[in-house]
Structure formats: structure tokens, C-alpha cells
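Heads up, the thing below is written out as C-alpha cells.
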Amino acid sequence: MIATPPPSRGPLSAAPVAAALAAAFCWAFSSLLWRRLPTSLSAARLNLLKNLLAVALLLPLALVMPWQMAPRSLVLLALSGVLGIALGDTLFFAALRRLGTRRTLTIDAGGPAVTSLAGVALLGEVPRPAQWLGIALITLAVLLVVHQRAPRQDGPEAGLPTGGDGAGGALASNDGLGVALALGALACGSGGALLARAGLLAGGPEPLQAATLRLAAAALVMLPLLVGLPRAAQGPRPAGRRWPLALAATLLGTSAGIALQQTALAGLPGGLAVALLSTAPVMALPLAALEGDRPGWRGVLAAAAALAGVSLVAGLVGLPGA
């Protein structure tokens, strides 16, 4: 086992719960911005540029703070950045282009079950019965939307082939690949969160510094992708429209979102933190119309299940004997 913190008991502290929910909102809104970004870059190269921009924004703030970190924490946080950000975010971007914001985020909500089971085995963190029920309700949201059709959006902005009439067979195949990519992103994100939690328990730095370290490690392993990167003049027009969207999405989802995530992971057991961080589908529901996405009854029911699950996980609703 990596570490053995005491099991969670009683209501959770308000600050890390608020940080987790704020991170979920940042990720929901930034995912919408990334999907609307006009670019011909691959998901991996878009992820690299996003990470480099985020490091440039966070590094000056991180350097003015005193650094105190055990070598074990450094290794675990760096590995979490490679797994959760370099690989996980690349798969997430690829899924986002195929499934849309709400569906991708809802599949990603299955992370609490994965992280909680791993947390029991590796960190000795055993949720209470009410929290297990909350995790199950959040995971149920995945089953309600996996078979929903993605919103139709042609062209390079959506990562879909231009032209054609969107025949049902091709769209279904694209959906299947999108679900597989989203499940891969879920596994990498959960593993990255667990490694980050272990790194913070091992004497890690402040949340902002941990976020910067994870992003720097992700950017470092992806640097070879800079070779052959298209010049700005070769990109889609108008070029001026891309950078405000990219900057806003990076500030929200990568800089603020990951810093808030580290705050939540530092103050909450891994499975519970990921459960709260996985409420992005609820945040994305009011934004669905901007993508031409109609949630339907499954989407609304998934959002309600996720919201009830959050209340149970955070200890806002108690159960007899829990």
C-alpha cells in the first residue's frame, strides 16, 4: 500500500468540497470552449500547446512560493501528470470531438468507482455506506447516456470529416470510437488522480505548485510533438478568433481547474474527491443547447443522479446507519 490515511468519517470540510465543485464547473465550461475552437491540430498537439500555455501562466506564481517536497512526492506527481494529463487529456480531446461536451463529461463521471476501488486497495481509504451509494449514483449517470447519439457538428471544429450526409452507420461507428476514447480518458484520469493524491500524502507541495509540476511533466514528455507542427500561417482563419478561446479555455480548465483539483485531492480521500470532480455533466447540462445537444430524459435523469450522488458523497445528506 502507498499510504494509510485514516478513513473518512463525518461531513467533509467545506473548502475542498467547494474546490472540487468549482473545478468541475471550470472543466465543463472549458470543454465547451475547446470543442468550439477552430483548429486542424491533432488532439495530442492541441494538448501539448494547452499544457505549455498553462505552465507559462502558472510557473511565475509557483516559483515565488517556498518549495518543500519529498523526492517520492516529486516522482508520484510527475507520473500523475504523464498519465492523467499527457495521455488522459489527449484521449479526452479526441473523445470530445466525437461525442460532444456533455456526453464525454458524463462518461468521465465513471471515475469515482474506479478511483474508490483503487483507493481502498492502495491508500486504505474506505468510504462510508452513504458515500458508496453516492459514488454508485454518479456512476449510474454514465449508463444513462452512453447510448445517446452525439450532437451533430460537421467540420474541423468538431474533429469530424467535412462533407457527406452523416450516414447512420458512419455516425454510430464514430460514436463507438468516441466512447472507447472517453473510457480510456476516464482510466488515465482516475490513475492520475490517485497518483497525485499519493504524492500529496507523501509530503507534496502546495496545490498550485503540484498543478504546475504535473503540467510541466506532461509537457516535457510531449515535446517531440513540436516537430512538424504547422506554422500559424497554415492554420484555419480567422487566426485571431482562436487565441482568445484557447487562452480562456486554458485559464479555466487547465490552470484554475487543475489547481482546484489539487486542493480537493489534498483535502479529501481520493474516491470522494474524484466523485465531486466528476459532477461536470451537471454543470454542462445548461450549456448543451449551445452545441445543438438535446439532453432528453436520460440526460436530465443522469444529471439528477449525479447531483444526488454528490450530496451523499459530500455528507450533505445522511442515511440511517451511515
Side-chain angles (χ1 to χ4, degrees), residues 19 22-65 77-78 80-97 101 104-105 108 156-159 185 188-189 192-193 196 205-263 277 280:
F25 173 79
C26 288
W27 289 338
F29 196 74
S30 67
S31 295
L32 174 67
L33 295 179
W34 283 122
R35 180 167 164 80
R36 295 174 68 88
L37 181 70
T39 180
S40 57
L41 294 177
S42 67
R45 281 177 168 160
L46 183 61
N47 187 22
L48 169 61
L49 293 183
K50 176 262 292 181
N51 293 335
L52 289 173
L53 182 57
V55 170
L57 292 171
L58 291 178
L59 190 59
L61 297 175
L63 289 178
V64 300
M65 304 171 67
L77 287 171
S80 76
V82 172
L83 179 62
I85 300 176
L87 182 55
D89 282 4
T90 296
L91 295 174
F92 180 83
F93 279 154
L96 194 64
R97 289 174 168 179
T101 302
T104 305
L105 290 174
D108 198 54
E157 292 188 24
C188 292
E206 295 297 320
L208 181 64
Q209 294 170 318
T212 305
L213 177 59
R214 295 184 67 208
L215 285 163
L220 184 62
V221 300
M222 300 183 76
L223 280 179
L225 293 174
L226 285 176
V227 178
L229 193 69
R231 296 190 300 273
Q234 299 173 328
R237 295 299 187 206
R241 180 188 167 195
R242 288 177 288 166
W243 286 106
L245 280 176
L247 182 60
T250 300
L251 282 171
L252 277 175
T254 309
S255 301
I258 293 182
L260 289 166
Q261 178 200 45
Q262 301 312 298
T263 302
L277 291 165

Checklist outcome for this item: Distance col, row Leu48:CG vs Leu226:CG, nearest 0.5 angstrom, shows 5.0 Å
Next on the checklist: Under the rule for side-chain contact (heavy atoms from CB on, under 4.5 Å), what residues qualify as partners of Phe29, not counting sequence neighbours?
Outcome noted: Leu33, Leu252, Leu287
Item to check | Inter-residue atom distance Leu91.CG - Leu96.CG, 0.5 Å rounding | outcome: 12.5 Å
Item to check | All side-chain contact (heavy atoms from CB on, under 4.5 Å) counterparts of Ala28, not counting sequence neighbours | outcome: Leu105, Ala280, Met283, Ala284
Checklist entry - Is there side-chain contact between Met65 and Thr212, with heavy atoms separated by less than 4.5 Å? => result no
Checklist entry - Rounded to the nearest 0.5 Å, what separation is found between the OG atom of Ser30 and the CG atom of Leu245? => result 11.5 Å
Checklist entry - So which heavy atom on Pro205 is nearest to which on Ala210, and how close? => result CG-N, 3.8 Å
Next on the checklist: So, using side-chain hydrogen bond (donor to acceptor under 3.5 Å, both in side chains) as the criterion, who are the partners of Thr90 when residues are at least two apart?
Outcome noted: Asn47
Checklist outcome for this item: The complete set of salt bridge (charged side-chain N to carboxylate O under 4.0 Å, His left out) pairs with one or both residues in residues 248-260, sequence neighbours excluded, reads none
Checklist entry - Can you pull the salt bridge (charged side-chain N to carboxylate O under 4.0 Å, His left out) pairs that have at least one residue in residues 214-223, sequence neighbours excluded? => result none
Checklist outcome for this item: On a heavy-atom basis, the closest approach of Gly257 and Ala23 is O-CB, 3.6 Å
Checklist outcome for this item: Between Ala78 and Ala217 the two heavy atoms that sit nearest each other are O-CB, 3.6 Å
Item to check | Within residues 48-61 or reaching into it, pairs that qualify as salt bridge (charged side-chain N to carboxylate O under 4.0 Å, His left out) - sequence neighbours excluded | outcome: Lys50-Asp89
Output a table of donor-acceptor pairs, distance under 3.5 Å, between side-chain atoms of residues 218-225 and any protein atom two or more places apart or on a different chain; print 'none' if there are none.
none

Checklist entry - Can you tell which of Val82, Ile85, Leu87 makes a side chain to side chain contact (heavy atoms under 4.5 Å, CB included) with Cys188? => result Leu87
Donor-acceptor pairs are to be reported for all side-chain atoms of residues 52-63 against protein atoms at under 3.5 Å, with residues two or more places apart or in another chain.
none

Next on the checklist: Looking at every non-hydrogen atom in both residues, tell me the closest pair between Gly88 and Ala185 and how far apart they are.
Outcome noted: O-CB, 3.6 Å
Checklist entry - About how many Å separate CD of Gln262 and OG of Ser80, when rounded to the nearest 0.5 Å? => result 6.5 Å
Item to check | Thr104 and Ser31: CA distance, side-chain angles, deciding distance, side-chain contact (heavy atoms from CB on, under 4.5 Å) verdict | outcome: CA-CA 9 Å; Thr104 305; Ser31 295; over 6 Å; no
Item to check | Gap separating the CH2 atom of Trp34 from the OG1 atom of Thr250, nearest 0.5 angstrom | outcome: 3.5 Å
Item to check | For Phe92, ring pair (Phe, Tyr, Trp, His ring centres under 6.0 Å) partners two or more places apart | outcome: none
Checklist entry - Could you give all pairs that pass the side-chain hydrogen bond (donor to acceptor under 3.5 Å, both in side chains) test and reach residues 53-63, with sequence neighbours left out? => result none
Item to check | With Leu213 via side-chain contact (heavy atoms from CB on, under 4.5 Å) - residues at least two apart | outcome: Met69, Leu74, Leu77
